[in-house]
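Scroll down for the structure; my scribbles are underneath it.
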There are 2 protein chains.
Amino acid sequence: MTEQPAPRAEGAAEAPGLSRAQRRLRSERRILEAARELFARQGFERTTIRAVAAAAGVDPALVMQHFGSKQGLFTQAVRVAVPESPAAQARDQEQVVDALLGSLGLKLDGLPASSLAMMRSMLTHPEAAAHAREVLEAQISGLAEATAGPEARARAALLMSITVGVAVCHQLLALDSLRGTPQDRLAALLRPALRALLDEDPG
Amino acid sequence: MTEQPAPRAEGAAEAPGLSRAQRRLRSERRILEAARELFARQGFERTTIRAVAAAAGVDPALVMQHFGSKQGLFTQAVRVAVPESPAAQARDQEQVVDALLGSLGLKLDGLPASSLAMMRSMLTHPEAAAHAREVLEAQISGLAEATAGPEARARAALLMSITVGVAVCHQLLALDSLRGTPQDRLAALLRPALRALLDEDPG
DNA sequence: GTCTATATCAGGATAGAC
DNA sequence: GTCTATCCTGATATAGAC
């Protein structure tokens with residue numbers, strides 16, 4: 001901290017007074033941030049290491065140095081705390097609906113780039129697909145426990161499917177018909193539908 | 001037809017007695033079929049001309065000859081009769097629900113490879129995304145006309161989003177929790193939810 | 001009409017200087 | 001720790017023989 005670092009590397013020019021470890025961390029963060037954004041926008045295949053490096057303002061080789069491979073970068077970029085089931089500690093069905101709408105509310109606006117990156121590639125990248133399946137099945141399990149009545153798992157799966165569909169159409173496809181409606185209205189319209197799926201119903 | 005064709009080209013060995021035009025059409029069909037299947041399974045980027053040619057039993061150069069480029073091949077492969085809105089001529093809301101479930105019933109089982117190919121790439125391939133948006137917005141418009149009450153378009157958009165979500169989770173992600181349930185059960189469970197979205201409801 | 005051969009290029013990955 | 005230079009693979013696309 002107190003020693004005067006000699007400007008060895010060119011890149012150091014922008015970050016005076018930082019230790020190597022600090023600079024390394026800073027680089028990693030910037031790379032990850034740029035990667036998440038590009039992966040989220042273009043998906044895995046169309047995103048190049050070079051583009052990520054450019055966006056992060058670092059050298060392409062540095063990206064490899066830190067993450068080993070493009071796949072490694074992707075894995076790190078989409079790894080997040082596995083989102084708890086939307087109905088983690090819901091006590092009645094109305095709370096389950098609230099939880100679902102809440103998680104969707106998130107998805108309609110402030111969904112983190114890492115999640116978007118995962119979703120963007122989940123249909124075309126095998127590892128992203130596996131990740132998505134894992135997360136979704138976990139959420140379905142949690143939801144099924146909070147769902148009374150017969151065929152709880154199927155209902156839960158359909159509830160998550162609805163969530164996925166709305167998120168995909170709104171966030172990834174950016175359908176005008178969805179974008180043109182404020183999310184609280186969407187939530188209000190969706191609520192009875194979710195409720196109906198949770199209701200016990202003689203199929 | 002009556003003339004004895006001399007075996008000029010090697011490929012002709014498999015198809016004796018066919019005119020050039022006929023053989024050309026046959027090749028195109030086989031290529032398109034193989035392309036649809038591969039695009040549907042792997043998406044645009046991971047599908048190679050070589051793989052399509054191999055699957056179709058023809059030479060890679062032939063694919064280029066017929067379709068000009070990989071993009072051209074994709075465009076042809078996903079071009080289908082634009083599916084009419086699920087609620088084309090529904091007279092009451094229950095028929096709209098039926099139409100939706102019907103189109104979803106299709107999606108759960110017999111969705112054509114061309115549609116799957118389009119869906120598989122709609123999140124990562126710009127042209128597929130544009131195509132998907134176009135089709136979906138058209139279906140939303142049709143649906144909105146058949147939907148009474150306020151915010152008809154938003155409701156219609158949500159209905160289509162649900163359809164997309166279920167199709168994606170079932171067909172493309174192959175979620176076990178959905179796969180484990182027969183589609184008529186899924187339809188039965190989904191029905192009240194769709195109904196709820198169509199009901200006029202004081203938001 | 002179909003195939004062989006190849007031009008051309010993009011992008012991931014590596015080696016090594018500093 | 002960061003950058004330069006480069007290798008190498010895989011894939012699209014083309015030219016031309018048959």
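Throughout, protein chains are lettered first and strands after them, A, B, ... in sequence-line order, and every chain is numbered starting at 1.
- Side chain to side chain, A:H125 and B:R46 meet the donor-acceptor criterion of an N or O pair below 3.5 Å.
- In this structure, B:R120 contributes its side chain and B:F39 its backbone to no donor-acceptor pair below 3.5 Å.
- Residues meeting the salt bridge (Lys or Arg N to Asp or Glu O under 4.0 Å) test with B:E33, sequence neighbours left out: none.
- Regarding B:L62, its CG atom lies at a distance of 15 Å from the C1' atom of D:dG16, rounded to whole Å.
- If you measure from atom CG of A:D59 to atom P of C:dG16, you get 17 Å, rounded to the nearest angstrom.
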### Message
Using side-chain contact (heavy atoms from CB on, under 4.5 Å), reason through B:L190 and B:L100 one step at a time and then give a plain yes or no.
### Response
CA-CA 10 Å; B:L190 218 39; B:L100 276 169; over 6 Å; no
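- When rounded to the nearest whole Å, the span between CZ of A:F67 and C1' of D:dG1 equals 14 Å.
- For the pair B:E137 and B:R153, the salt-bridge criterion is met [side-chain N within less than 4.0 Å of a carboxylate O].
- For B:R36 (side chain) and B:A77 (main-chain N/O), a donor-acceptor pair under 3.5 Å exists by modelled atom type.
- For A:H66, no side-chain nitrogen or oxygen approaches OP1 or OP2 of D:dG1 to under 4.0 Å.
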Protein N or O to nucleotides 10-14 of chain D N or O, pairs below 3.5 Å:
from: D:dA11; atom 1: N7; to: B:R50; atom 2: NH2; distance (Å): 2.6
from: D:dT12; atom 1: OP1; to: B:I49; atom 2: N; distance (Å): 3.2
from: D:dT12; atom 1: OP2; to: B:I49; atom 2: N; distance (Å): 3.4
from: D:dA13; atom 1: OP2; to: B:K70; atom 2: N; distance (Å): 2.9

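- Residue B:L25 contributes atom CG, which lies 16 Å from atom C1' of C:dT2 at whole-angstrom precision.
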